[in-house]
Each structure stands twice: as structure tokens, then as C-alpha cells.
Amino acid sequence: MSRTRIVVDHGLCEANGVCAGVAPEVFALDEDDRLQVLQEFPPAELLGRVREAVQGCPKGALGLRPGTEAGPQPT
């Protein structure tokens with residue numbers, strides 16, 4: 001079953017926390033201010049806020065891709 005998967009480019013991410021403010025059920029900053037994705041495959045009811053968080057990322061470090069629980073599908 002294909003689901004939406006969150007991808008993070010940690011090389012671009014500055015851990016501004018915008019995403020965690022928009023969707024705290026999905027994104028968090030750890031004690032080292034590194035972004036953690038709490039739900040790599042967020043449920044459908046959170047996808048609107050996840051898309052808002054992705055679009056609001058000041059560094060463009062977040063993305064959404066089709067994927068499965070077993071791993072990403074080729075694109």
C-alpha cells in the first residue's frame with residue numbers, strides 16, 4: 001500500500017522548528033536541536049498540516065514522497 005512518506009535533507013535543515021510548530025505530532029527537535037520525524041508515514045488526517053509544514057520550511061529541507069512502510073518506492 002502506497003502512503004505519503006516524509007523525507008528530510010539534514011544537510012539543509014537548520015532546525016528552525018517551524019515544522020514542529022505546525023505539526024508537533026509529526027516533527028520534533030531533540031536535545032541537540034536536530035530534527036526528528038516522529039511519524040515517517042503520517043496518517044491521512046495530519047497530511048494537511050504536514051504539507052503546510054513542508055511548504056513553510058525556511059530552508060526547503062522537507063519533502064513528501066510516495067512510499068511504503070517497507071521503504072521508499074522508486075521515483
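Keep in mind that this is a model prediction, so the values were computed, not measured.
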Undergrad: Only pairs at least two apart or in different chains count here, so list each salt bridge (charged side-chain N to carboxylate O under 4.0 Å, His left out) that has a residue in residues 21-39.
TA: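 Matches after skipping sequence neighbours: E25-R49.
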Undergrad: What is the minimum heavy-atom distance between F41 and R3, and which atoms define it?
TA: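 Nearest pair, atom of F41 first, then R3: O-NH2, 2.8 Å.
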Undergrad: How does the hydrophobic cluster around L64 look, that is, which other residues are in it when side-chain heavy atoms under 4.5 Å mark a link?
TA: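 Same cluster as L64: I6, V8, V26, F27, L29, L35, V37, L46, V50, V54, L62.
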Undergrad: Would you please name every residue forming a salt bridge (charged side-chain N to carboxylate O under 4.0 Å, His left out) with E14, sequence neighbours left out?
TA: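 Testing E14 for salt bridge (charged side-chain N to carboxylate O under 4.0 Å, His left out), a comparison that skips the adjacent residues, returns K59.
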Undergrad: I need the minimum non-hydrogen distance between G56 and V18, along with the two atoms involved.
TA: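 Answer, listing the atom of G56 first, then V18: O-CG1, 3.7 Å.
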Undergrad: Of all heavy-atom pairs between V22 and A53, which one has the smallest distance, and what is that distance?
TA: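 That would be CG1-N, 3.9 Å.
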